[in-house]
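Contents: one structure, followed by commentary.
These figures come from a predicted structure and were not determined experimentally.
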Amino acid sequence: MATATPTPTMPTMRELIRTGVGVPVGVLAVLAMIVLPLPPMALDILFTFNIALSIVIMMSVFYVSRPVEFGVFPTVLLVATLLRLALNVASTRVVLLNGHSGPGAAGHVIQSFGEFVIGGNFAVGVVVFVILTIINFVVVTKGSGRISEVSARFTLDAMPGKQMAIDADLNAGLITQDEARIRRADVRAEADFYGSMDGASKFVRGDAVAGILILFINIIGGLAIGTIGHGLPIAEAGRTYTLLTIGDGLVTQIPALLLSTAVALIVTRMSRAQDMGGELTKQLFGQPKALGVAAGLLGVIGLVPGMPNVAFLLMAAVCGGAAYAIAKRRAAPLQEAPAPIKAAPSNETRELTWDDVKPVDLIGLEVGYRLVPLVDTRQNGDLLARVRGVRRKLSQDLGFLVPSVHIRDNLDLAPNVYRINLGGVPVGESIVYPDRELAINPGRVFGPLQGIATQDPAFGMEAVWIEPAARDHAQTLGYTVVDPSTVIATHLSFIVQAHAHEILGHEEVQHLLDTLTKTAPKLVEDLVPRVLPLSNLVRVLQGLLAERVPIRNVRTIIETLAEHAPKSQDATVLQGHVRVALGRQIVQDIAGVAAELPVITLEPELERLLQTSLAGNAANPGLEPGLAERLQQRLAEASRRQETAGEPAVLLVPPQLRHTLARFTRSSVPNLHVLAWNEIPDNRKVRLVTAVGR
């Protein structure tokens with residue numbers, strides 16, 4: 001039995017939109033309206049749709065949180081402008097062809113705007129249309145176009161500063177890689193949006209000019225066609241065609257004004273997320289003093305004889321009542337938190353115990369009293385969250401769990417000062433201003449800033465404490481702008497990284513071994529404590545951290561120590577073997593994925609001299625003071641040249657000299673990495689940059 005073949009059905013509008021075909025088809029239909037004649041009923045529907053579309057677009061601008069969330073706005077603006085111009089062409093064709101038959105020739109919408117809105121008086125219609133066009137062209141469109149241009153330029157200029165701020169937050173552990181990726185995408189989307197808006201605003205301005213030209217062309221063409229082509233008297237032809245043209249102009253000019261207003265609204269909004277309606281109400285009507293002064297002035301004007309007293313006095317009463325209500329609401333006492341239960345007074349006569357000896361905090365952060373709100377979450381302080389992010393990032397990078405940071409206030413400090421302690425000893429201190437933001441000069445900026453000149457506490461770069469309102473301007477000039485909590489968190493991260501070898505102790509190393517025991521129990525059992533005491537293992541790991549080598553790869557470290565510990569228990573020797581095993585990781589952390597590694601070397605004469613001086617006493621080499629000073633200066637100069645060129649500073653030396661030179665340059669040339677020849681992996685090419693001599 002034959003089966004019936006299903007007949008294909010036409011796709012619905014929803015299916016077209018879902019497959020992405022609906023929008024291109026709609027644009028082609030708009031362009032077809034310029035060529036194909038439309039009946040008056042179709043014009044009524046399309047004019048109504050045009051007005052509704054303009055209202056929906058303007059309301060959408062009000063209710064988006066950020067301008068970037070309406071990223072398709074420039075495209076929508078272009079399509080709406082094309083629709084309006086196509087309707088102008090279609091209605092012009094109908095008016096000029098059928099205008100002699102009466103005011104209803106172009107549909108009821110144009111007739112209604114020509115008769116009801118302007119009262120059937122073409123002179124009034126011309127004046128209203130010209131006023132609307134002037135408002136749209138001279139005020140709204142010109143202003144929004146200028147703001148779009150400036151916003152696009154400032155946004156593009158501020159991109160490097162915003163990217164560096166994201167990188168700074170990522171390096172400080174304040175955000176994750178995924179969050180950094182999202183924020184970079186937001187920065188690019190914001191730049192693309194304002195760049196598109198700069199061009200899209202020209203559509204609106206050109207549309208306003210086209211509306212004026214179309215008006216005069218239609219009036220002149222209608223008079224000519226009505227009198228010459230249809231034999232109408234000049235007065236009747238002028239009245240009929242002018243009313244139709246003015247009605248056509250108004251029915252398209254009102255949506256144009258709505259779209260221009262939407263453009264002005266979206267480009268004058270701030271880039272951060274905000275509820276526009278709520279912010280307007282809060283900032284414009286949130287000050288009772290402003291409403292009170294306005295009520296007083298309106299009341300005085302309302303008492304002047306001859307003025308519309310009722311209107312002014314009524315508005316004065318409304319403003320005064322609103323001011324009183326806002327002031328009363330602000331003066332209402334806040335709900336107080338229950339008072340903490342006071343501890344019973346201690347007995348001063350009791351005997352002291354070991355509980356009275358408080359252990360020293362391994363990592364401590366002390367803040368002055370003006371910085372306490374940064375720590376208090378009830379006052380929207382985010383420093384605690386930033387510190388947790390720093391601990392998480394450092395623990396992942398260094399390879400062990402960084403201890404908790406104990407934060408407390410210290411009345412002995414100046415109000416804006418914070419201090420970082422390690423083992424109870426201050427190792428870092430600086431001043432921050434909680435009501436300002438720090439604009440850091442990354443090396444290339446395009447102008448000065450007004451504020452309090454200072455230096456970035458972590459890296460020593462020039463910086464300025466600026467008002468929060470100047471943030472966008474500072475980013476436009478190329479500065480990296482961060483808030484006070486980020487300044488403290490970044491400084492803390494820098495301090496902990498520099499002193500990681502002091503923070504790692506027996507307890508942390510034992511935790512590392514316990515974790516490794518779960519996957520490689522035999523390896524740990526054969527090494528500690530059978531071959532290598534725990535204290536020696538701690539010294540090896542501390543030595544690696546002191547030279548900025550993370551201990552994430554614990555398995556490789558333990559395997560290398562298990563191989564070489566039976567031959568030598570010296571921590572320096574074992575550390576050298578571990579560095580060779582971790583050579584790929586060390587070079588990767590220094591130079592990334594680049595195929596070539598630029599290096600600085602020692603001249604052969606200097607190298608032989610250093611090896612001879614080390615032959616007698618490796619722990620305390622006998623370098624002549626003048627030679628040591630010259631070597632230090634030349635290594636520092638070579639390191640600075642590498643940094644200026646954007647390349648890492650690496651000193652490549654024989655294995656016998658590596659440990660001594662690493663200690664020699666650790667404090668004087670902190671950015672210099674000292675590597676031995678046997679630490680370079682086979683897949684890396686070495687490029688000689690310079691050789692340092694005597």
- Quick one: closest heavy-atom pair of Val587 and Glu679, and the distance? CG2-O, 4.1 Å

- Rounded to the nearest 0.5 Å, how far apart are CG of Leu365 and OH of Tyr418? 8.5 Å

- Query: So do the side chains of Ile363 and Leu492 get within less than 4.5 Å of each other, counting heavy atoms only?
  - Reply: yes

- Message: Is any side-chain heavy atom of Pro484 closer than 4.5 Å to one of Arg436?
- Response: no

- Query: Mind checking what makes side-chain hydrogen bond (donor to acceptor under 3.5 Å, both in side chains) contact with Arg370, not counting sequence neighbours?
  - Reply: none

- Item | Non-neighbouring partners of Pro598 that pass side-chain contact (heavy atoms from CB on, under 4.5 Å), sequence neighbours left out | Gln642, Glu647, Pro648, Arg687, Val689

- Could you please spell out the steps behind the salt bridge (Lys or Arg N to Asp or Glu O under 4.0 Å) verdict for Asp483 and Arg386? CA-CA 11 Å; Asp483 58 82; Arg386 300 293 178 90; 3.4 Å; yes

- Residues that Arg181 engages under salt bridge (charged side-chain N to carboxylate O under 4.0 Å, His left out), provided they are two or more places apart: Asp178

- Message: Quick check: do His473 and Leu449 have side-chain heavy atoms less than 4.5 Å from each other?
- Response: yes

- Item | Gap separating the CZ atom of Arg552 from the CG atom of Leu512, nearest 0.5 angstrom | 13.0 Å

- Task: Might you point out which heavy atoms bring Glu429 and His491 nearest each other, and give the distance in Å?
- Result: N-CE1, 4.0 Å

- Item | Donor-acceptor contact below 3.5 Å, side chain Ser639 vs main chain Leu635 | no

- Message: With a 3.5 Å distance limit and no angle check, can you tell me whether Gln585 reaches the backbone of Pro550 through a side-chain donor-acceptor pair?
- Response: yes

- Quick one: are Val554 and Phe400 in side-chain contact, heavy atoms under 4.5 Å? no

- Task: Please name the pair of heavy atoms, one in Ala463 and one in Ile440, separated by the smallest distance, quoted to 0.1 Å.
- Result: CB-CA, 4.0 Å

- Message: Are the side chains of Asp361 and Asn421 in contact, using a 4.5 Å heavy-atom criterion?
- Response: no

- Task: Any chance you could measure Leu675, atom CG, to Glu547, atom CD, to the nearest 0.5 Å?
- Result: 9.5 Å

- Item | Value rounded to 0.5 Å, distance of CZ in Arg640 from CG in Leu672 | 11.5 Å

- Task: Applying side-chain contact (heavy atoms from CB on, under 4.5 Å), name anything that partners Glu507, two or more places apart in sequence or on another chain.
- Result: His511

- Task: Check whether more than 12 heavy atoms from other residues, nucleotides or ligands sit under 6.0 Å from atom CD of Glu629, and answer yes or no.
- Result: no

- Task: Return the set of residues passing salt bridge (charged side-chain N to carboxylate O under 4.0 Å, His left out) with Asp397 (not counting sequence neighbours), or none when no residue passes.
- Result: Lys393

- Item | Side chain proximity check, Leu438 to Thr454, heavy atoms < 4.5 angstrom | yes

- So how far is it from Ile600 CD1 to His673 NE2, rounded to the nearest 0.5 Å? 10.5 Å

- So, for Glu502 and Leu422, which heavy atoms are closest and what is the spacing to 0.1 Å? OE1-CD1, 4.4 Å

- Looking only at heavy atoms, what is the nearest atom pair of Ala322 and Leu291, with distance? CB-CD1, 4.0 Å

- Partners meeting side-chain contact (heavy atoms from CB on, under 4.5 Å) with Ser395 (sequence neighbours left out): Leu401, Val402

- Query: For the side chain of Gln542 and the backbone of Leu504, is there at least one donor-acceptor N/O pair under 3.5 Å apart?
  - Reply: yes

- Query: With a 4.5 Å heavy-atom cut-off, do Val578 and Leu582 have their side chains touching?
  - Reply: yes

- Query: Is there a side-chain contact between Trp465 and Val487, using heavy atoms and a 4.5 Å cut-off?
  - Reply: yes

- Message: Checking Val674 against Phe664 for the side chain to side chain contact (heavy atoms under 4.5 Å, CB included) test, could you report, in this order, the C-alpha distance in whole Å, the side-chain angles of both residues, the deciding distance, and whether it holds?
- Response: CA-CA 10 Å; Val674 183; Phe664 177 71; over 6 Å; no

- Atom CD1 in Ile551, atom CG in Leu541: separation rounded to 0.5 Å? 5.0 Å

- Please report the closest heavy-atom contact between Ala295 and Cys319, naming both atoms and the distance. CB-CB, 3.8 Å

